[in-house]
> 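Pasting a structure below so you can have a look.
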Amino acid sequence: MSFSLSPNHDSLEAYLKQFAAGEPEFHQAVNEVMEDIKPVIDNNEAYKQANVFERLVNPERIIKFQVPWQTDAGDIRVNRGYRVQFNGAIGPYKGGIRFHPTVNQSILKFLGFEQTFKNALTGLPMGGGKGGSDFDPSGRSDAEIMRFCNAFMQALHSHIGPDIDVPAGDINVGAREIGYLFGAYRRITGRFQGVLTGKALPYGGSPLRTEATGYGVMYFAQHILEAHDDSIDGKALIISGAGNVAIHTAEKACEMGGKVISLSDSSGFIYDADGLDSEKLDWVKTHKAKSGATLEPYAKKFGAKWTPGKAPWGLTGDIVLPCATQNELDEEGAKQLLKNGAKYVIEGANMPSTADAKSVFADADIVFAPGKAANAGGVAVSGLEISQNRKRQSDDRDEIDARLREIMEHIHESCREEGTRDGKINYSKGANIAGFRKVADAMVAQGVG
Ligand code: NDP
Ligand code: 2IT
């Protein structure tokens, strides 16, 4: 039997057109995985028999709700809230919550789909999920953020729990929002339990969770460079974004002897020819924590160049780390980077490269590592936070750092095992196949109802 989606759909395109209409980001994420795993399914009777692919491209459940909240001026606003519980075969659903005006079902389905593979790669027992709202926190007061978080949790609380679904942060959801969401959950349910990760240390957070995604990106980068007889020391790094992932990627990169020459936000990018350092990064952290602040003043303060409305892909550097958002790196950007001699593209964000940009990299002499492998350190430390909450104990920072390093090394090894051909590691293929096998085997073992 050759693998097909269902008797009525002989192409993936037709299938997605019918069952995921108007969801381009989700189609993009599925297509990207499908290329690599089709041969694996074709060669496995159990996967075909269990129809794992069709079951994997449909979320197990989507919860959609209204979030009514009150502004400081007393107006009532309504946003749309979601939780996509994508696949729970290997553990409770796990994945972040995003607050951004661009949030819609397509974005959250792509993120939940990617999360399923990423979580499997960590080796920890976590299924894939993602949630969020089209709420725009920019310019909102602290009290408004708190009321929004209360309203969001009011709608979500009955669908989550330590053995059901454990959300965390993502774009515009950091320690402050997780605190408000956790407080709301506790007040509504009367339960103090590990229902969210990314908590602050005094109430059950894990050391290093804040830094974990960015640090993990650089631990992964280190393995990539070592596998190519190269090292980070002295390399120029082009980083996009100026949030949690970008800042901590930059911090670890500096510590490893790299020279970080850019950061960006939704208004533009800065080019700092001298390279960032810990003092400059501390300034960025404090400055960007202010609602609606852009990176522009960095240029004047530190003698750098500010380019409004553009991403940093025209710069010359060795290692490119897109750490802002999906589809921020397009075909033109990819070609510019290649022309300027970039050697490695390592994704800190989720799916920051467009399909066309990925094709440019695939045809060129450049090493490409996908977000689902490179940025898995954040959710990995979330997994360790869950374990600490279960034990009602916390581990120390060095212990967590050692586990994070181990996990990133293990992910690199999985990519190497599943993705090596003719002595070359295809990190996308390796990550897709390794993540898929684990989830598919669990689905086969559990049968259907
Ligand atoms: P933050 O909210 O901390 O930072 C996001 C950054 O990206 C900001 O600099 C923001 O700019 C910029 N940005 C957001 N949307 C756009 C856009 N449409 N165009 C240009 N820039 C944009 O989020 P994180 O750092 O947590 O997340 C960044 C990426 O990493 C996302 O893809 C996320 O899914 C992924 N990720 C996050 C993890 C985590 O643990 N936090 C774990 C793994 C992946 P501005 O300040 O102007 O809004
Ligand atoms: O994309 C991601 O991996 C995250 N936003 C982190 C998810 C988590 O549960 O820590």
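Keep in mind the model is a prediction, meaning the values are calculated, not measured. Both backbone and side-chain heavy atoms feed into the values below; hydrogens, waters and symmetry mates do not. Remember, it's 1-based here, ligands and their atoms both numbered in the order they're listed.
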> Just to verify, which of Val173, Asp134, Asn172, Val103 counts as forming a side chain to side chain contact (heavy atoms under 4.5 Å, CB included) with Arg98?
Val103

> Please state which protein non-hydrogen atom is closest to atom 33 (C) of ligand 1 and give its distance, to 0.1 Å?
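Protein heavy atom at minimum distance: Asp170 OD1, 3.2 Å.
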
> Are any non-hydrogen side-chain atoms of Phe117 and Val33 less than 4.5 angstrom apart?
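A side-chain contact under 4.5 Å exists here.
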
> Can you tell me which portion of Leu111 lies within the under-4.0 Å heavy-atom range of ligand 2? Options are side chain, backbone, both, or neither.
neither

> Could you tell me, atom by atom, which parts of ligand 2 come under 4.0 Å of a heavy atom of Ser382?
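Ligand 2 atoms under the 4.0 Å threshold to Ser382: 8 (C), 9 (O), 10 (O).
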
> Less than 4.0 Å is my threshold; does some heavy atom of His100 fall inside it relative to ligand 1?
yes

> Can the positive tip of Lys252 be found less than 6.0 Å from the middle of the six-membered ring of Tyr215, inside 45° of the ring normal?
yes

> Between Lys199, Arg403, Arg209, Lys391, which is the residue that forms a salt bridge (Lys or Arg N to Asp or Glu O under 4.0 Å) with Glu385?
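Single pass found, and it is Lys199.
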
> Below a 4.0 angstrom heavy-atom separation, can you tell me which part of Arg209, side chain or backbone, both or neither, approaches ligand 1?
side chain

> Taking side chain to side chain contact (heavy atoms under 4.5 Å, CB included) as the criterion, tell me which of Tyr298, Trp283, Phe302 meets it with Leu276.
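Passing option: Tyr298.
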
> So if I count the atoms of ligand 1 from 1 in the order they appear, which ones are less than 4.0 Å from some heavy atom of Arg98?
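Those of ligand 1 that fall under 4.0 Å from Arg98 are 31 (C), 32 (O), 33 (C), 34 (O).
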
> In terms of atom number and element, which parts of ligand 2 are under 4.0 angstrom from non-hydrogen atoms of Ala168?
8 (C), 9 (O), 10 (O)

> I'd like to know if the side chain of Asp401 and the backbone of Arg397 have a donor-acceptor N/O pair within less than 3.5 Å.
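Flag not set: sc Asp401 to bb Arg397 has no pair under 3.5 Å.
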
> Against heavy atoms of Gly96, which atoms of ligand 2 measure under 4.0 Å?
7 (C)

> Any idea which protein heavy atom is nearest atom 25 (O) of ligand 1, and the distance to it?
Val245 N, 2.9 Å

> Would you check whether Asn375 has a nitrogen or oxygen atom less than 3.5 angstrom from a nitrogen or oxygen atom of ligand 1?
no

> Locate the shortest heavy-atom distance separating Gly179 from Tyr203; write the atom from each residue and the value.
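Closest heavy-atom pair between Gly179 and Tyr203: CA-OH, 3.0 Å.
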
> Give a yes or no on whether a salt bridge exists between Arg405 and Glu409, defined as a side-chain N under 4.0 angstrom from a carboxylate O.
no

> Just to be sure I'm reading this right: ignoring hydrogens, which of Gly348, Gly243, Gly378, Ala349 gets closest to atom 1 (P) of ligand 1? Compare them by their nearest heavy atoms.
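Nearest option to atom 1 (P) of ligand 1, by heavy atoms: Gly243.
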
> Hey, is Arg140 close enough to Asp72 for a salt bridge, meaning N to O under 4.0 Å?
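Salt bridge absent between Arg140 and Asp72.
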
> Quick one: which ligand 1 atoms are inside 4.0 Å of a heavy atom on Asn172?
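Per the distance check, 2 (O).
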
> Around atom 3 (O) of ligand 1, find the nearest protein heavy atom and jot down its residue, atom name and distance.
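Looking only at protein heavy atoms, the one closest to atom 3 (O) of ligand 1 is Asn244 N, 2.9 Å.
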
> Against heavy atoms of Lys130, which atoms of ligand 2 measure under 4.0 Å?
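Counting from 1, the qualifying ligand atoms are 1 (O), 2 (C), 4 (C), 5 (N).
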
> Report the part of Thr213 (side chain from C-beta onward, or backbone N, CA, C, O) that has a heavy atom under 4.0 Å from ligand 1; answer both or neither where that applies.
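Under 4.0 Å from ligand 1, Thr213 contributes side-chain atoms alone.
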
> Side chain or backbone, does Lys118 bring an N or O within less than 3.5 Å of an N or O on ligand 1?
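Not met; the criterion fails.
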
> Please answer whether the main-chain N or O of Ala380 pairs with a side-chain N or O of Thr122 as donor and acceptor at a distance below 3.5 Å.
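Not confirmed, Thr122 side chain does not pair with Ala380 backbone.
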
> Testing the basics here: between Thr197 and Ser382, what is the closest heavy-atom pair and its distance to 0.1 Å?
OG1-OG, 2.8 Å

> Gly169 versus ligand 2: do any nitrogen or oxygen atoms come within less than 3.5 Å of each other?
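Gly169 vs ligand 2: N/O contact under 3.5 Å present.
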
> Heavy-atom pairs closer than 4.0 Å: do any link ligand 1 to the side chain of Cys323, the backbone, both, or neither?
backbone

> Tell me, which protein residue and heavy-atom name are nearest atom 16 (C) of ligand 1, and how many Å apart are they?
Thr325 CG2, 3.6 Å

> For atom 47 (O) of ligand 1, what's the nearest protein heavy-atom neighbour? Residue, atom name and distance, please.
Ser266 OG, 2.4 Å

> Which ligand 2 atoms are under 4.0 Å away from a heavy-atom of Gly95?
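By the 4.0 Å cutoff, the relevant atoms are 7 (C), 9 (O).
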
> When the ring centroid of Phe110 is compared with that of Phe26, is the distance short of 6.0 Å?
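No - the distance between ring centres of Phe110 and Phe26 does not fall below the 6.0 Å cut-off.
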
> Is Gln326 close to ligand 1, meaning an N/O of one under 3.5 Å from an N/O of the other?
no

> Identify the closest protein heavy atom to atom 35 (C) of ligand 1: which residue and atom is it, and at what distance?
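The protein heavy atom lying closest is Asn350 ND2, 3.6 Å.
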
> What about the rings of Phe65 and Tyr82, do their centers lie closer together than 6.0 Å?
no

> Look at Glu418 together with Arg437 and state whether they make a salt bridge at an N to O cut-off of under 4.0 Å.
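Salt bridge flag = yes for Arg437 with Glu418.
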
> So which heavy atom in the protein is nearest atom 9 (O) of ligand 2, and how far is it from that ligand atom?
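I find the closest protein heavy atom is Lys94 NZ, 2.7 Å.
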
> Ring centroid separation for Phe152 and Phe135, is it under 6.0 angstrom?
no

> Which atoms from ligand 1 have a heavy atom of Ala242 less than 4.0 Å away?
9 (O)

> Within the distance-only criterion (no hydrogens, no angle test), does the side chain of Asp265 pair as donor or acceptor with the backbone N or O of Leu295 below 3.5 angstrom?
yes

> Around atom 29 (C) of ligand 1, find the nearest protein heavy atom and jot down its residue, atom name and distance.
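Going by distance alone, atom 29 (C) of ligand 1 is nearest to Ala324 O, 3.2 Å.
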
> Do Lys285 and Glu251 sit within salt-bridge range, that is, some charged N less than 4.0 Å from a carboxylate O?
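Counted as a salt bridge, because a side-chain N and a carboxylate O are separated by less than 4.0 Å.
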
> May I ask whether atom 38 (C) of ligand 1 is less than 4.0 Å from at least one protein heavy atom?
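It does; a protein heavy atom is within 4.0 Å.
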
> When only distance counts, is Arg209 in polar contact with ligand 2, meaning an N/O pair under 3.5 Å?
yes

> Which of the atoms of ligand 2 are close to Lys118, meaning less than 4.0 Å from one of its heavy atoms?
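Answer, ordered by atom number: 1 (O), 2 (C), 3 (O).
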
> Between Tyr427 and His228, how do the two ring planes meet: parallel, tilted or perpendicular, split at 30° and 60°?
tilted

> Under 4.0 Å from a heavy atom of Lys288: give me the atoms of ligand 1 that qualify, with their elements.
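Answer for ligand 1: 45 (P), 46 (O), 47 (O).
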
> Of all the non-hydrogen atoms in the protein, which one sits nearest to atom 27 (O) of ligand 1, and at what distance?
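Here the closest protein heavy atom is Ile171 CG1, 3.7 Å.
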
